[in-house]
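Below: the structure, in structure tokens.
Naming convention: chains lettered A, B, ... in sequence-line order (proteins, then strands); numbering from 1 in each chain.
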Amino acid sequence: GENVEQHPSTLSVQEGDSAVIKCTYSDSASNYFPWYKQELGKRPQLIIDIRSNVGEKKDQRIAVTLNKTAKHFSLHITETQPEDSAVYFCAASMNSGYSTLTFGKGTMLLVSP
Amino acid sequence: SQTIHQWPATLVQPVGSPLSLECTVEGTSNPNLYWYRQAAGRGLQLLFYSVGIGQISSEVPQNLSASRPQDRQFILSSKKLLLSDSGFYLCAWSALRATEAFFGQGTRLTVV
């Protein structure tokens with residue numbers, strides 16, 4: 001089955017800096033890669049996703065890149081703000097009509113004012 | 001718009017007691033439904049998914065079971081809880097033939 005590795009497990013940055021979280025996956029058949037943000041005690045929220053026919057996708061301050069050959073994808077957050085502090089999860093699945101996601105273990109991002 | 005309801009929000013149960021967690025989705029038909037578990041400080045693990053009424057697929061062997069008695073209702077059950085069943089249980093849905101998945105508020109289960 002699919003295995004998703006995520007690094008780093010914790011990331012501390014100063015407000016205004018950029019943050020990068022990286023994930024690798026094992027199953028070359030995976031073609032859908034979402035990122036979720038989870039604040040303490042709350043549900044994971046989908047913030048951005050990318051499909052394997054696209055190399056990069058951007059939404060305001062967040063962007064995701066995908067290298068299908070190397071089987072890794074990354075989340076980039078620019079101009080970080082304290083409200084970006086949360087746990088971020090990457091995931092992978094095959095687009096087979098439903099969404100059985102395999103998640104990474106998460107990255108706790110701390111943005112200091 | 002679509003909404004997902006999950007209850008209860010928190011639950012404390014003794015070892016050996018039964019469990020029933022319920023999830024319902026509004027505003028869509030024929031959703032795909034999922035149960036995930038998140039252990040403390042860990043990622044999310046898929047437990048069950050369902051693509052239709054009465055259709056349940058299990059991803060990991062365990063002490064839990066799932067049922068889908070109605071199109072937009074998904075239930076997670078156990079006959080006898082174990083300490084290791086403690087965790088944050090999240091129901092999720094995705095639209096028919098879509099991959100974007102959206103989570104409910106979650107149930108924090110503590111087995112004592």
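Under a hydrophobic-cluster definition in which Ile, Leu, Val, Met, Phe, Trp and Tyr are linked whenever side-chain heavy atoms come within less than 4.5 Å, directly or via other members, B:Ile53 and B:Tyr49 are assigned to different clusters. No continuous path of ILVMFWY side-chain contacts below 4.5 Å connects A:Ile77 to A:Phe89, so the two sit in separate hydrophobic clusters. No chain of hydrophobic side-chain contacts below 4.5 Å, direct or via other Ile, Leu, Val, Met, Phe, Trp or Tyr residues, connects B:Leu21 to B:Ile75. Under the 4.5 Å side-chain heavy-atom criterion for ILVMFWY residues, a single connected hydrophobic cluster contains both B:Leu76 and B:Val51. A:Val111 and A:Val20 sit in two unconnected hydrophobic clusters of ILVMFWY residues. Membership requires side-chain heavy atoms under 4.5 Å apart, directly or through other members.
Remark: A:Lys105 NZ to B:Gln38 CD distance equals 12.0 Å, nearest 0.5 Å. Note: A:Asn31 CG to B:Thr99 OG1 = 8.0 Å, rounded to the nearest 0.5 Å.
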* Test side-chain contact (heavy atoms from CB on, under 4.5 Å) on A:Leu101 and B:Tyr36 and set out the steps. => CA-CA 10 Å; A:Leu101 298 167; B:Tyr36 285 86; 3.4 Å; yes
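If you measure heavy-atom distances from B:Leu44 to chain A, the contacts under 4.5 Å come from both the backbone and the side chain. With a threshold of 4.5 angstrom between heavy atoms, A:Pro44 approaches chain B through its backbone and through its side chain. Looking at B:Phe103, both its backbone and its side chain come within 4.5 Å of chain A, counting heavy atoms on both sides. For A:Gln38, the part lying under 4.5 angstrom from a heavy atom of chain B is the side chain only. Both the backbone and the side chain of B:Glu100 come within contact range of chain A, with heavy atoms under 4.5 Å apart.
The environment of CD in B:Gln2 is crowded: more than 12 heavy-atom neighbours from other residues, nucleotides or ligands sit within 6.0 Å. Within a 6.0 Å radius of CD in A:Glu83, other residues, nucleotides and ligands contribute more than 12 heavy atoms. The number of heavy-atom neighbours closer than 6.0 Å to CG of A:Leu40, taken from other residues, nucleotides and ligands shown, is 12 or below.
Looking at A:Tyr36, its side chain never comes within 3.5 Å of a backbone N or O of B:Phe102 through a donor-acceptor pair.
Considering all non-hydrogen atoms of both residues, B:Phe88 and A:Lys42 come closest at CE2-O, 3.8 Å. Between B:Ile4 and A:Arg43, the closest heavy-atom pair is CG2-NH1, 3.9 Å.
The candidate from B:Ser94, B:Gly104, B:Pro31, B:Ser57 with the greatest count of non-hydrogen atom pairs under 4.5 Å with chain A is B:Gly104. The choice from A:Val4, A:Thr100, A:Leu46, A:Val87 that makes the most heavy-atom pairs within less than 4.5 Å of chain B is A:Thr100.
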